Amino acid sequence: MTATDHQTEPATEETAPEKEKMVIIAASGDLDKAWPVLILATTGAAYGMDVTVFFTFWGLGILKKEDAGLTGDDWRQKMLSMFHNSSASGLGLSKLHFAGMGPAMMRGLAEDHNVASVQELLDMAIDLGVNLWPCQMTMDLMGLKDEHLIDGLSAPVGAGSAISLMKQATISLFI
Amino acid sequence: MADITVDARNLQCPMPVLKLSQAVTGADSGQTVELIATDRGALSDIPAWSKDTGNPLKEQFEQDNEYHFVVVKA
């Protein structure tokens with residue numbers, strides 16, 4: 001056998017077949033959007049898909065640490081982080097927010113009905129190998145550094161990476 | 001009796017599918033995994049998951065308002 005024979009050998013059993021891809025663009029930091037994002041992402045992973053969630057703009061709030069505090073050097077960034085100081089456990093509702101009463105009621109209902117919380121689903125997503133992509137541009141815009149975001153994320157990327165992946169994806173969603 | 005039993009009773013969508021998927025991923029080929037759920041959506045979700053992932057649904061029955069699904073790891 002010559003060295004070139006190796007190159008024409010059929011793929012070995014170790015080479016897993018290419019998985020179908022699913023991409024979700026998570027652009028909202030509302031509880032009622034973060035929920036479906038993570039439900040679909042985890043379910044896609046359970047279906048054996050290669051799932052990526054690209055978190056951009058307010059969606060990045062889902063990945064913020066609870067104690068991220070004021071971020072950025074610019075006073076405008078600091079104000080943004082003060083008024084949008086959310087993390088997976090502190091997201092608001094897009095409607096019926098009622099100064100935080102809405103989300104509190106919704107979380108209570110979810111707990112009573114054994115619906116997994118956004119925080120639980122986020123942990124589950126990381127556990128299932130969902131690729132979580134923070135948007136670099138939004139991070140710069142809001143003055144967010146890697147240390148302000150939770151562990152288990154992939155390195156920040158840009159829109160080009162998202163488009164490149166969506167071109168190959170069977171399912172692409174913007175939520 | 002299945003090799004592995006997953007208790008997803010009282011858990012809502014998508015947890016039954018996620019729990020089943022995790023158990024099947026950890027199982028050896030040919031092993032059976034039984035999922036017990038009370039979520040009515042599982043009646044449609046689990047057979048669909050089985051078909052899409054290629055892990056055959058060997059048995060499905062309802063007992064005392066609980067749904068049982070026995071899946072064979074491919």
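Values in this document were obtained by computation on a predicted structure and should not be read as measured data. Here is the naming used below: chain letters follow the sequence lines, and residue numbers restart at 1 for every chain.
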When heavy-atom pairs shorter than 4.5 Å are enumerated against chain A, which of B:Thr53, B:Asp45, B:Leu18 gives the highest number? B:Leu18
Given the options A:Val115, A:Leu91, A:Val118, A:Arg107 meets side-chain contact (heavy atoms from CB on, under 4.5 Å) only with A:Leu91
So which of A:Glu120, A:Met49, A:Met124 has the biggest tally of heavy-atom pairs under 4.5 Å with chain B? A:Met124
Please tell me if the side chains of A:Thr138 and A:Phe55 come closer than 4.5 Å, counting only heavy atoms from C-beta onward. no
Would you call B:Arg9-B:Asp7 a salt bridge at under 4.0 Å N-O? yes
Single hit among B:Ile36, B:Leu35, B:Ile46, B:Thr5 for side-chain contact (heavy atoms from CB on, under 4.5 Å) with B:His68: B:Ile36
Which answer fits A:Leu121, side chain, backbone, both or neither, if we ask what part of it has an atom under 4.5 Å from a heavy atom of chain B? side chain
